[in-house]
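Just below is one structure, and these are the notes that go with it.
Remember, it's a predicted structure, so these values are computed and weren't measured experimentally. Both counts, for ligands and for their atoms, begin at 1 and track the order of listing.
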Amino acid sequence: MKTIDELLAEGVAGKRVFVRADLNVPLDGTTITDDGRIRAVRPTVARLAEAGARVIVASHLGRPKGAPDPAFSLAPAAARLGELLGTEVAFATDTVGESARATVAALTDGRVAVIENLRFNAGETSKDDAERGAFADRLAELADVYVGDGFGAVHRKHASVFDLPARLPHAAGGLIATEVGVLKKLTEDVTRPYVVVLGGSKVSDKLGVIDHLLEKADRILIGGGMAYTFLKAQGHEVGSSLLQEDQIPAVLGYLERAEEKGVEFVLPVDVVVSAQFPDLKAKTPGHPATVAADAIPAGVMGLDNGPETNKLYASKLADAATVFWNGPMGVFEHPDYAEGTKAVAQALVDSPAFSVVGGGDSAAAVRILGFDENAFGHISTGGGASLEYLEGKTLPGLAALED
Ligand SMILES: Nc1ncnc2c1ncn2[C@@H]1O[C@H](COP(=O)(O)OP(=O)(O)OP(=O)(O)O)[C@@H](O)[C@H]1O
Ligand SMILES: O=C(O)[C@H](O)COP(=O)(O)O
C-alpha cells in the first residue's frame, strides 16, 4: 500500500487529488454536533494542499436514497473543514455534474474543494458492479490521483471506496495508516482480560461480529439497541424495542458457544424505557422509567441501560487489560438516555486498560458527554469498519489501496 509520504515524495503539485474521506458527522439540522471525523482527516488534506495539490474531498453523509436530499448535504462539513484548515474551501452542489466539474476546473494549486454527498447518486452504493463502475468512471474524470482516507467507510464496497481507486493511481492517507496500526495490535497479542462492549443501533450489521469475538474476547457486554435481540432470545418480552427477530437463532447459538468456550456474556439487568422514541431535536422530556430487563411492559421501548446495569458493567470493566467498545449504550443524544453510555465511558477513564472506542456515534458520544478524548487509548473513526477489521475480513476500501 503506497503511503501518503511516498505520494508526497513523488510530488503532487498541480495534480488533482481525490481524497475519499468519511465526513459522516452527526448533525442537528445544519449544526455539526461532533466534528471528530473532520478533524481526523484534516492533516491529510492540509499536507496535500501544502504540497500544491488541487484537493477534491468527497464523502457520504447519512443514508440518503440515491438522490439529492438537502437534509444530508455536506455543506456544513465543507464549511467546518475550511475553518479547521484556516482557508476557504469551495463547495460543489453536485457530485459529478456541472457544479463539480466547474468547481474542480476552477481549483488552483494548493486549494481545496468539497463535492456534495456521494450517496446522492444511486451508483455509489449499488450492488450492481456495472452501475457502480459507471459512477466511478465519472468520479475518475474529476481527478488524477486517489487518496483513500475514509476509514469509517472502508468496509463498504461502494464506488468511491472500492471501484474508484482501481481507476486512478492511489495511496492510503494518514488516518487510515493510524487506524490500521492501532487495530492491528488488537488482532495480535492482546493483553487479557480482553473485554468487548457492543451497543448502538446498526444491529444487523454488527451481530455477526460476535461469532468472531467469541474466539478472541474473555467477556462481552451487550447494551444499546443490540441488547433486545439477546433478551428476546432468552425468552423475555421486549415491548417495542429495537429487535432483529430473524437473528434470534444466531443469538441463541452465540450464547451456547460462549458457555462452551467460557466467554462471559453480560446483558442488561435493568433498562430505561419510554413509550416513544424521544424527540432528539426538541429535547423535550423523554418520560423515562426504569424496569427490570426481564419485565419490559408491552408498548414501551428500551432506550438505555438502567442504573443496576451501569454498576454491573463498571465492575465487569474494572479488571480489564484491553477494551474495545463500539456503539452507545443508549440514545445518548437525549439527556434522559445518556447515563448508560456515560457509565461505560467513565469506567474506561477510571481503568488502566488500553481502551479503543470505535464508531462515529460512539466517539461523538464520548466527546459530547464531556469526556477528554486523551483519557482513552484510541478513539477510532470507524465503527462497523473497525469491527470488520478486527474480524479479519477483507475490507474493500483497504484491499483497493493495495498495489
Ligand atoms: N436502545 C436503543 N434503541 C435505539 N437506538 C439506540 C439504542 N441505543 C443506542 N441507540 C442509537 O445508536 C446509535 C449509534 O449506533 P451505531 O451502530 O451507528 O454506532 P456507531 O458508533 O456510530 O458505529 P458506526 O460508526 O458503525 O455507525 C445512536 O444514534 C444511538 O441513539
Ligand atoms: O458511520 C459509519 O459507520 C460510516 O460512516 C459508514 O456509514 P454507513 O454505515 O451508512 O455505510
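- The side-chain heavy atoms of Leu139 and Leu118, taken from C-beta on, include a pair separated by under 4.5 Å.
- Within the 4.5 Å cutoff, side-chain heavy atoms of Pro278 are placed close to those of Tyr337.
- Between the Asn326 side chain and the Leu198 main chain, no donor and acceptor come within less than 3.5 Å of each other.
- For the ligand labelled ligand 1, residue Arg37 lies inside the 4.0 Å heavy-atom shell.
- Among all non-hydrogen protein atoms, the one lying nearest atom 25 (O) of ligand 1 is Gly360 N, 2.9 Å.
- Close contacts of ligand 2 with Lys202, meaning ligand atoms under 4.0 Å from a residue heavy atom, involve 1 (O), 2 (C), 3 (O), 7 (O), 8 (P), 9 (O).
- The nearest protein atom to atom 4 (C) of ligand 2, hydrogens excluded, is given as Gly152 O, 3.3 Å; this is a heavy-atom distance.
- Among all protein heavy atoms, the one lying closest to atom 23 (O) of ligand 1 is Lys206 NZ, 2.8 Å.
- A donor-acceptor contact shorter than 3.5 Å is absent between the side chain of Thr322 and the backbone of Phe354.
- At a heavy-atom cutoff of 4.0 Å, ligand 1 is contacted by no atom of Asp304, backbone or side chain.
- The nearest protein atom to atom 11 (O) of ligand 2, hydrogens excluded, is given as Arg156 NE, 2.6 Å; this is a heavy-atom distance.
- Near Arg63, meaning under 4.0 Å from one of its heavy atoms, ligand 2 places the atoms 8 (P), 9 (O), 10 (O).
- Below 3.5 Å of separation, one finds an N or O of Arg119 facing an N or O of ligand 2.
- Ligand 1 has no N or O atom lying under 3.5 Å from any N or O atom of Thr381, backbone or side chain.
- For atom 21 (O) of ligand 1, the closest non-hydrogen atom on the protein side is Ser362 OG, 2.5 Å.
- The shortest side-chain heavy-atom distance between Val25 and Asp34 does not fall under the 4.5 Å cut-off.
- In terms of protein heavy atoms, atom 6 (C) of ligand 1 is closest to Val331 CG2, 3.7 Å.
- Only the side chain of Glu333 comes within 4.0 Å of ligand 1, counting heavy atoms alone; its backbone N, CA, C and O stay farther away.
- Looking only at distances, a side-chain donor or acceptor of Asp270 sits under 3.5 Å from a matching main-chain atom of Thr309.
- Not close to ligand 1: Gly152, with no non-hydrogen atom less than 4.0 angstrom away.
- Distances from ligand 1 to the non-hydrogen atoms of His334 include no value under 4.0 Å.
- Nearest to atom 7 (C) of ligand 1 among the protein's heavy atoms is Gly225 N, 3.5 Å.
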Donor-acceptor pairs under 3.5 angstrom involving side-chain atoms of residues 294-307: please list them, not counting sequence neighbours.
residue	atom	partner	partner atom	Å
Asp304	OD1	Gly340	N	3.3
Asp304	OD2	Glu339	N	3.1
Asp304	OD2	Gly340	N	3.1

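- The backbone N or O of Gly66 sits nowhere less than 3.5 Å from a side-chain atom of Glu124 that would complete a donor-acceptor pair.
- For atom 7 (O) of ligand 2, the nearest non-hydrogen atom of the protein is His60 NE2, 3.3 Å.
- Of the charged side-chain nitrogens involved, at least one lies within less than 4.0 Å of a carboxylate oxygen, so that Asp109 and Arg54 count as a salt-bridged pair.
- The closest approach between a heavy atom of Gly360 and any atom of ligand 2 is not below 4.0 Å.
- Using a 4.0 Å cut-off to heavy atoms of Asp22, the atoms of ligand 2 that qualify are 4 (C), 5 (O).
- Between Glu83 and Arg42 there is no salt bridge, since none of the side-chain N atoms of the basic residue sits less than 4.0 Å from a carboxylate O of the acidic one.
- In terms of protein heavy-atom proximity, atom 10 (N) of ligand 1 is nearest to Gly330 O, 3.9 Å.
- Using 4.0 Å as the threshold, Tyr228 has a heavy atom nearer than that to some atom of ligand 1.
- If you number the atoms of ligand 2 from 1 as listed, the ones under 4.0 Å from a heavy atom of Asn24 come out as 1 (O), 2 (C), 4 (C), 5 (O), 7 (O).
- With respect to Glu50 and Arg47, no salt bridge is recorded, no charged nitrogen being found less than 4.0 Å from a carboxylate O.
- In summary, Arg119 and Asp69 do not engage in a salt bridge, as defined by a charged side-chain N under 4.0 Å from a carboxylate O.
- Not a single N or O atom of Gly200, backbone or side chain, sits closer than 3.5 Å to an N or O atom of ligand 1.
- Counting heavy atoms under 4.0 Å from ligand 2, residue His158 does not touch it at all.
- Looking only at atom types and distance, the side chain of Ser386 has no donor-acceptor partner in the side chain of Glu179 under 3.5 Å away.
- Which of Met329, Glu388, Lys202 comes nearest to atom 27 (O) of ligand 1 through a heavy atom is settled by distance: it is Lys202.
- A salt bridge is absent between Glu260 and Arg257: the closest approach of a Lys/Arg side-chain nitrogen to an acidic carboxylate oxygen does not fall below 4.0 angstrom.
- Considering backbone and side-chain atoms alike, Gly302 places an N or O below 3.5 Å from some N or O of ligand 1.
- Note: Phe230 and Phe265 meet the aromatic proximity criterion, with ring centroids under 6.0 Å apart.
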